[in-house]
Amino acid sequence: MSSDTTIAQEALTFSDLGLSPKVLSAVTDAGYTQPTPIQAGAIPHALLGKDVLGIAQTGTGKTASFVLPMLTRLEKGRARARMPRTLILEPTRELAAQVEENFVKYGKNHKLNIALLIGGVSFDEQDKKLERGADVLIATPGRLLDHRERGKLLLNGVEILVIDEADRMLDMGFIPDIERICEMIPFTRQTLFFSATMPPEITKLTEKFLHAPVRVEVSKAASAATNIIQRLVKSGSKPWDKRETLRNLIKAEDAELKNAIIFCNRKVEVSELFRSLLKYDFDAGALHGDMDQRARMQMLANFRDGKLRYLVASDVAARGLDIPDVSHVFNYDVPIHAEDYVHRIGRTGRAGRSGKSFTIATKSDTKYVDAIERLIGTKIEWHDGDLSTVVASEGEDDAPRRGKGAPRRAGRKDDDRKDRGERKKGSERRARHGEEDASSVVAQQEQPDVAEAAVADISERRARKEAIRSENTERKSSDRNEQRAPERGDTRPQRDNSRPARHRHQEDNDTTVGFGDDMPAFMRIVAKV
DNA sequence: AAAAAAT
């Protein structure tokens, strides 16, 4: 009876789902045999051309649940110029690039034209791909609409439309854009719609744009994976207190720590913490939305490839990003929205591995911690005593009653001197003079420990300089020049700008992109198909 | 209290 169905489900393999031989062979080559619940539930219907409403978090194998059937269905027919056959909408550039990687990986036996339309990079290459006729078009909404308005793109040939991470698009205010785009595509299309949650606005959207969808639901991740050890870490609330807490934590975890993502709530904090960590010789990179696109891709690639051990990031990296082997997640700030906590810590403990997450909490974070504990339904253990044992740094208390202008030098600890040094002056200068100045800052820093520097692995130092340089090309100050100004003293090997960065790292690595085995264990148990 | 996305 019910045990029979369980057995039948467990025995299910990809070859049972109706995928084409070409697709199956790519899946097998990637080392997968068993579909995840969302894949097993969605693929057969998607192959039949039905609309699918998939309710699933990232990390459930969701991407493959639309990539594989789309590849199969694309085997018939050909793309025409400026008329893409399929369209996949993603909320962030990194996610869009990641989906493209999936199409490349599982479409290796197909001859498909894939175009990635995202902001922050030049139009030329994107235009060329559209002109050639794209079988698969992956886009963030803004750039897609931009291309359309320039007349480079006709959406009335789209046969399959995928809307991914719909609830996140809602958070980001993309819903009007999504509606516009949906209205441009003939309703004879097939629509595959994915969302982790179903708030009323999203339900409305599905009622408007889906036709008799098959609903496939995988239970929510909010119950927090059991393979991730979670701890709260008390800290004073001043930035230097928190940075010191973080450094000590990282050092204490050193033996177990392969690599870590460190989340901050704000972009400025990402930048500050990143610079601070570099000064303390941590092998860190940074990732947030104000960095130029090349730097974003570079940082992510370097972190994935193990060239950077730490990645300081905003919530742009919280959801969906698939880096298979992250050992630690640190929340430098307690996330304001409890769901973000679940997404952030879900960057570790992937592909059935174990992971550790530490959340630095100050007295003013109490209510956010409470909200998180309510959401995940458990109390998070304190790492080394709770906040009642916090010693406020000398001359300060934790009460946030002082304004920003309050003197803050009084009680600083010895260890902090590095942290607060000449940063402001330095960054102002860098902003005016561009990148070459950043390397001199690095040189300056390294001077005090010449001996150490000499011993240090050269490539590591080069990577760090590269990192500091990239992080300095923040979009706000230089993105526009970036597109047309290779004349700045750029010593990096000349980039072939006609190809987006992600193609390069994709060719020279075969990092596993998460898939069937990329499902948290707790989900495997409760998932219903 | 934020971040994300077109310029």
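Chain identifiers are assigned alphabetically (A, B, ...) following the order of the sequence lines, protein sequences preceding nucleic acid strands; residue numbering begins at 1 within each chain. Computed from a predicted model, the values in this text were never measured in an experiment.
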Q: Measure the distance from CZ on Arg319(A) to P on dA4(B) and round it to the nearest whole Å.
A: 13 Å
Q: I'd like to check the side chain to side chain donor-acceptor pair (under 3.5 Å) partners of Asp325(A); sequence neighbours left out, ordered by chain and number.
A: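 Asp325(A): side chain to side chain donor-acceptor pair (under 3.5 Å) contacts with Arg353(A).
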Q: In whole Å, I'd like the distance from the CZ atom of Arg168(A) to the C1' atom of dA2(B).
A: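 About 12 Å, once rounded to whole Å.
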Q: Mind checking Asp333(A) for me? I need base, sugar-phosphate or nothing, with any heavy atom below 4.0 Å counting as a touch.
A: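 No contact.
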Q: Does a donor on one side chain and an acceptor on the other come within less than 3.5 Å for Thr197(A) and Asp167(A)?
A: yes
Q: Could you check how far NE2 of His343(A) sits from P of dA2(B), rounded to whole Å?
A: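 Going from NE2 in His343(A) over to P in dA2(B) covers 20 Å.
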Q: When you check the side-chain N and O atoms of Asp127(A) and His147(A), is any donor under 3.5 Å from an acceptor?
A: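 Checked: Asp127(A)/His147(A) side chains pair up, N/O donor to acceptor below 3.5 Å.
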Q: Is a donor-acceptor pair below 3.5 Å formed from side chain His288(A) to base dA3(B), judging by atom type as modelled?
A: no
Q: Using whole Å, what does the distance between atom P of nucleotide dA2(B) and atom CG of Asp365(A) come to?
A: 14 Å
Q: Do you see a donor-acceptor pair shorter than 3.5 Å between the side chains of Thr191(A) and Arg189(A)?
A: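 Result is yes, a qualifying pair exists.
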Q: Can you list the residues that meet the salt bridge (charged side-chain N to carboxylate O under 4.0 Å, His left out) rule with Arg374(A), with sequence neighbours excluded?
A: none
Q: Separation of Asp177(A) atom CG from dA6(B) atom C1', in whole Å?
A: 9 Å
Q: Output yes when at least one side-chain N/O atom of Ser314(A) is less than 4.0 Å from OP1 or OP2 of dA4(B), else no.
A: yes
Q: Specify the separation, in whole Å, of atom CD of Glu272(A) and atom P of dA2(B).
A: 14 Å
Q: So, does Arg93(A) get its side chain near the phosphate of dA6(B), meaning an N or O under 4.0 Å from OP1 or OP2?
A: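 Checking dA6(B) against Arg93(A), a side-chain N or O does come within under 4.0 Å of OP1 or OP2.
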Q: Can you find a side chain N or O atom of Arg143(A) that sits less than 4.0 Å from OP1 or OP2 on dT7(B)?
A: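 Yes, such a contact exists.
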Q: Choosing from dT7(B), dA2(B), dA4(B), which nucleotide comes nearest the side chain of Arg296(A)?
A: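 Out of dT7(B), dA2(B), dA4(B), the nucleotide with an atom closest to Arg296(A)'s side chain is dA4(B).
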Q: How would you label the contact of Phe263(A) with the nucleic acid (heavy atoms, under 4.0 Å): base, sugar-phosphate, or nothing?
A: nothing
Q: At under 4.0 Å, does any side-chain N or O of Thr140(A) touch on OP1 or OP2 of dA6(B)?
A: yes
Q: Tell me the interatomic distance from Leu144(A), atom CG, to dA6(B), atom C1', rounded to whole angstroms.
A: 11 Å
Q: Between Asp292(A) (CG) and dT7(B) (C1'), how many Å, whole number?
A: 15 Å
Q: If you check the Glu149(A) side chain, which of dA6(B), dA1(B), dA4(B) turns out closest?
A: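 When the side chain of Glu149(A) is considered, dA6(B) is the closest of dA6(B), dA1(B), dA4(B).
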Q: Give the nucleotide from the list dA1(B), dA6(B), dA4(B) with an atom nearest to the side chain of Met172(A).
A: dA4(B)
Q: By nearest atom, which of the nucleotides dA2(B), dA5(B), dA3(B) is closest to the Lys267(A) side chain?
A: dA3(B)
